[in-house]
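Everything numeric in this text was worked out from a predicted model, so none of it was measured.
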Amino acid sequence: MDANRKRISERVIGCAFEVSNTLGAGFLENVYENALAVEFARAGISFGRQQGLSVSYKGEFIGQYVADFLVEKCLIVEIKVLSRLVAEHEAQVMDYLKATGLSVGLLLNFGTPRLGVRRIVWGHDDNQAV
């Protein structure tokens, strides 16, 4: 596995801090999403925005959900703009990971003066280290 893939979550967090430090808190979620897309592109990080991902149950397709970002086809990024994160927000990302079979997600909160970052891990797979 190349070092770039291993470090993708660190690179994404760096982009998020750049956005947070530049814009501060107080904007709506779509402003931070747009700014993150600019930072990802400038950093050479491949991503899909508002990425529809399939949810299956016992091998059957049962619906879709939309992730804010799917980065490098291996990392889910969910953006919030809240005064604080609660367990339900982490559970949302965990459910996304379980539904897709991915192992790592980032929950980014731009709603406070200091960027909130939570790294959510489901399962463990050395081949998907991000």
Side-chain angles (χ1 to χ4, degrees):
M1 171 190 337
D2 64 59
N4 183 42
R5 182 171 170 151
K6 253 186 146 166
R7 301 282 185 216
I8 193 63
S9 61
E10 292 174 12
R11 294 177 64 210
V12 167
I13 292 168
C15 289
F17 270 108
E18 180 64 24
V19 168
S20 179
N21 291 337
T22 302
L23 294 178
F27 291 101
L28 296 175
E29 188 175 305
N30 70 328
V31 170
Y32 297 104
E33 183 180 320
N34 292 339
L36 265 179
V38 169
E39 286 298 323
F40 291 164
R42 288 182 177 189
I45 297 171
S46 71
F47 64 94
R49 276 177 81 172
Q50 295 299 313
Q51 190 74 42
L53 298 169
S54 297
V55 178
S56 60
Y57 175 76
K58 296 186 177 182
E60 299 289 327
F61 172 80
I62 59 169
Q64 262 195 331
Y65 77 91
V66 178
D68 290 334
F69 288 99
L70 178 61
V71 177
E72 300 282 340
K73 298 182 182 177
C74 66
L75 176 69
I76 291 174
V77 177
E78 186 65 24
I79 299 170
K80 300 292 182 197
V81 180
L82 303 165
S83 58
R84 68 182 181 97
L85 295 173
V86 295
E88 288 83 0
H89 301 120
E90 292 181 18
Q92 176 187 14
V93 175
M94 183 63 73
D95 288 344
Y96 289 176
L97 295 174
K98 289 177 185 176
T100 59
L102 296 175
S103 61
V104 180
L106 291 175
L107 179 57
L108 304 174
N109 184 24
F110 291 93
T112 57
R114 186 165 197 270
L115 175 70
V117 178
R118 303 250 175 102
R119 189 169 188 267
I120 314 296
V121 178
W122 179 69
H124 179 72
D125 180 352
D126 288 336
N127 293 324
Q128 270 194 327
V130 287

- Closest approach of Leu115 and Ser20, non-hydrogen atoms and distance? CB-OG, 3.7 Å

- Query: Got Leu70 and Leu75 here, is their nearest side-chain heavy-atom distance under 4.5 Å?
  - Reply: no

- Task: May I have the step-by-step check of side chain to side chain contact (heavy atoms under 4.5 Å, CB included) for Leu85 and Glu90, ending in yes or no?
- Result: CA-CA 8 Å; Leu85 295 173; Glu90 292 181 18; 5.8 Å; no

- Item | Within residues 93-108 or reaching into it, pairs that qualify as salt bridge (charged side-chain N to carboxylate O under 4.0 Å, His left out) - sequence neighbours excluded | none

- Query: Which residues pass the side chain to side chain contact (heavy atoms under 4.5 Å, CB included) test with Val31, sequence neighbours left out?
  - Reply: Leu23, Phe27

- Query: Which distance, rounded to the nearest 0.5 Å, do you find between the CD1 of Ile79 and the CG of Asp68?
  - Reply: 4.5 Å

- Query: Where do Gln50 and Val66 come nearest, in terms of heavy atoms and distance?
  - Reply: OE1-CG1, 3.1 Å

- Looking only at heavy atoms, the pair that brings Ile76 and Ala67 closest together is CG2-CB, 4.2 Å

- Student check: side-chain heavy atoms of Ile8 and Cys74 closer than 4.5 Å: yes

- Same cluster for Val38 and Phe47 if Ile/Leu/Val/Met/Phe/Trp/Tyr side chains link at under 4.5 Å? no

- Query: Sequence neighbours excluded, which residues qualify as salt bridge (charged side-chain N to carboxylate O under 4.0 Å, His left out) partners of Glu78?
  - Reply: Lys80

- Which pairs count as ring-ring contact (aromatic ring centres under 6.0 Å, His included) when at least one residue sits in residues 97-120, sequence neighbours excluded? Tyr32-Phe110

- Query: Which pairs, with at least one residue in residues 22-31 and sequence neighbours excluded, count as a salt bridge (charged side-chain N to carboxylate O under 4.0 Å, His left out)?
  - Reply: none

- Item | All side chain to side chain contact (heavy atoms under 4.5 Å, CB included) counterparts of Leu28, not counting sequence neighbours | Asn30

- Task: Tell me, please, which residues at least two apart from Ala43 pass side chain to side chain contact (heavy atoms under 4.5 Å, CB included).
- Result: Arg11, Cys15, Ile45

- Query: Does anything in residues 80-99 pair up under ring-ring contact (aromatic ring centres under 6.0 Å, His included), and if so which pairs, sequence neighbours excluded?
  - Reply: Tyr65-Tyr96

- If every non-hydrogen atom of Leu106 is compared with every non-hydrogen atom of Ser9, which pair is closest and at what distance? CD1-O, 4.0 Å

- Task: Write out all pairs satisfying side-chain hydrogen bond (donor to acceptor under 3.5 Å, both in side chains) with one or both partners inside residues 34-49, taking only residues at least two apart or from two chains.
- Result: Glu33-Arg49, Asn34-Arg49, Ser46-Glu72

- Query: Hey, mind stepping through Leu108 and Leu36 against side chain to side chain contact (heavy atoms under 4.5 Å, CB included) and telling me if it holds?
  - Reply: CA-CA 11 Å; Leu108 304 174; Leu36 265 179; 4.0 Å; yes

- Heavy atoms only: give me the nearest Gly101-Trp122 pair and the separation to one decimal. CA-CZ3, 4.3 Å

- Query: Are there more than 12 heavy atoms of other residues, nucleotides or ligands under 6.0 Å from atom OH of Tyr57?
  - Reply: no

- Residues in salt bridge (charged side-chain N to carboxylate O under 4.0 Å, His left out) contact with Glu18, at least two apart in sequence or another chain: none

- Item | Val104 and Leu97, any side-chain heavy atoms less than 4.5 Å apart | no

- Determine whether Val12 and Phe40 make a side-chain contact, defined as any pair of heavy atoms from C-beta on separated by less than 4.5 Å. yes

- Message: Restricting to side chain to side chain contact (heavy atoms under 4.5 Å, CB included), what partner residues turn up for Glu88, sequence neighbours left out?
- Response: Val86

- Message: Show every side-chain hydrogen bond (donor to acceptor under 3.5 Å, both in side chains) that has at least one partner inside residues 107-116, sequence neighbours left out.
- Response: none

- Query: If you look at every heavy atom in Gly105 and Val93, which pair is closest and at what distance?
  - Reply: CA-CG1, 4.0 Å

